[in-house]
Protein chains: 2
Amino acid sequence: MALEHAILVSLLEKPGSGYELARRFERSIGYFWTATHQQIYRVLKRMEADGRLDVREVPQRSRPDKKEYSVSALGQACLSEWLHEPIQPESVRHDLAVKIRGAAFDDPAALIQEVERHRRLHGDRLAHYLAGERRDFGASDASAAPDAGRELQHAVLRGGIAYERMMLAWLDDVLATLHRLAPGL
Amino acid sequence: MALEHAILVSLLEKPGSGYELARRFERSIGYFWTATHQQIYRVLKRMEADGRLDVREVPQRSRPDKKEYSVSALGQACLSEWLHEPIQPESVRHDLAVKIRGAAFDDPAALIQEVERHRRLHGDRLAHYLAGERRDFGASDASAAPDAGRELQHAVLRGGIAYERMMLAWLDDVLATLHRLAPGL
DNA sequence: TCCTGCTATGCAACTTGTTGCATAGACAAG
DNA sequence: CTTGTCTATGCAACAAGTTGCATAGCAGGA
């Protein structure tokens, strides 16, 4: 279960509560993994019971208390073990591609709006990633200490950016194809 | 459940058995959707019970009999309805990206082999897609009748090709980063 | 005071997806 | 005549993910 490993990595980068993790999964970790808060809370509970995480109750003012999780030695060891074993290349699930092939049995022109909507969403994501890159990796003067974590985070972010650029180009390609098939629009 | 819709599209393109569908999900449909035969048989059974598919027992010589599924009118209607409602952009699950960020807490150099392995796998997939493109869309002389289904299948395949090319470029980027972080190798 | 919104955590029910196993006919190789 | 491979279908148990709902503190505005 790779969600566990994603959580371990995130908590190693910075300890935090389930709520904070859920927000990270909407932001930077969301570049390559999605999870809802229900999933996260459930997994955190299990990992804590298994001794892979430590918890600390943190009282807060002007907001409810929280439980701050951090990675235990056992958790570190689990992550290390996983890092050293080979994994399957990720499996893809592109609903939109199903729709595009399905459009041949319906009205291709009706798909244009949907594809345009997705194009906007991917454009927004790209803008968001680029803003994050400027903010977090912009003033990367060579005088800064070479930080492996930072470098690797940047490499992953570049992957997200490349993915969104590829999607935008492909969606333009799809739109051109749809317009060609429905010239009246 | 989009697997149902992927199956409807595939059976509209060409009726077939569960076994044949499973093979298609390793080939062309596998460009954008994965499913095992267990999943497929289970869903086929349910869809047939719901009246969205028709079955026909096909006796065969020199191999076991099979059940050939095809889409019923109700199935067509279900697909059409789905095509007209908006869907969420796909969610991503990149185990490799988790590993890359996790490498900061372990030995980044140990990841090089794994990334190279993935690079080879994506290279193989790209070669496979390109061969499929030459085979199925190569001699596309303008005299051929404009076939919407064919055009849309080609557009989806171009998406798969763009994805693999993007991955290869990104994995090279990641490898360069890893080598920079571990100069002794 | 009530309503909304944000932080914060969680349960229960359900749907999907994965893993391991089982069966069986036909054919080819040894 | 046994063993392996390919076609072909399926069950059962389990793991993972989704959806809907519930609670609760605190703050700010109508």
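All heavy atoms count here, side chains included; hydrogens, waters and symmetry mates do not. Numbered from 1 within each chain, the chains take letters A, B, ... in sequence-line order.
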Original post:
Are Phe105(A) and Leu8(B) linked, directly or through other ILVMFWY residues, by side chains that come within less than 4.5 angstrom of each other?
Top reply: yes

**OP:** Write down the atom of Tyr69(A), the atom of Leu53(A), and the distance for their closest heavy-atom approach.
**Re:** CD2-CD1, 4.0 Å

**OP:** For His5(A) and dA16(D), give me the distance from atom NE2 to atom C1', rounded to whole Å.
**Re:** 14 Å

Subject >> Listed partners of Glu90(A) passing side chain to side chain donor-acceptor pair (under 3.5 Å), at least two apart >> reply: Tyr163(B)

**OP:** Round to the nearest Å and state the distance from Glu90(B) atom CD to dT18(D) atom C1'.
**Re:** 18 Å

**OP:** Quickly work out the Ile7(A) CD1 to dG17(D) P distance and round it to whole Å.
**Re:** 10 Å

Subject >> Pairwise side-chain contact, Ile87(B) with His118(A), heavy-atom cut-off 4.5 Å (strictly under) >> reply: yes

Original post:
Is any side-chain nitrogen or oxygen of Tyr19(B) closer than 4.0 Å to OP1 or OP2 of dT9(D)?
Top reply: no

Original post:
Is it true that Glu114(B) and Arg117(B) have a side-chain N and a carboxylate O under 4.0 angstrom from each other?
Top reply: yes

Original post:
Between Lys66(B) and Ala2(A), who's closer to the 5' end of DNA chain D by nearest nucleotide?
Top reply: Lys66(B)

Original post:
dC26(D) C1' sits how many Å from Arg63(A) CZ, rounded?
Top reply: 10 Å

**OP:** May I ask you to list the residues of residues 74-88 of chain A, by number, that have any heavy atom positioned under 4.0 Å from an atom of DNA chain D?
**Re:** none

**OP:** Take Ser70(A) and Asp54(A) through the test side-chain hydrogen bond (donor to acceptor under 3.5 Å, both in side chains) and record every step on the way to the result.
**Re:** CA-CA 5 Å; Ser70(A) 53; Asp54(A) 297 322; 4.5 Å; no

Original post:
Among Arg42(B), Arg46(B), Lys45(B), whose salt bridge (charged side-chain N to carboxylate O under 4.0 Å, His left out) with Glu4(B) holds?
Top reply: Arg46(B)

Original post:
Below 4.0 angstrom, N of the basic side chain to O of the carboxylate: do Glu20(A) and Lys66(A) qualify?
Top reply: yes

Subject >> Heavy-atom closest contact (Ala155(B) atom, Trp170(A) atom, distance) >> reply: O-NE1, 2.8 Å

Original post:
For the side chain of Leu3(B), counting heavy atoms from C-beta on, which of dG17(C), dA24(C), dC26(D) is nearest?
Top reply: dG17(C)

Subject >> Nucleic acid contacts - residues 23-54 of chain A versus DNA chain C, non-hydrogen atoms under 4.0 Å >> reply: Arg23(A), His37(A), Gln38(A), Tyr41(A), Arg42(A), Lys45(A)

**OP:** Using the closest heavy atom to pick a nucleotide of DNA chain D for each, name whichever of Arg93(B) or Asp65(B) lands nearer the 5' end.
**Re:** Asp65(B)

Original post:
Looking at Gln60(B), does any N or O in its side chain come under 4.0 Å of the phosphate oxygens OP1/OP2 on dA8(D)?
Top reply: yes

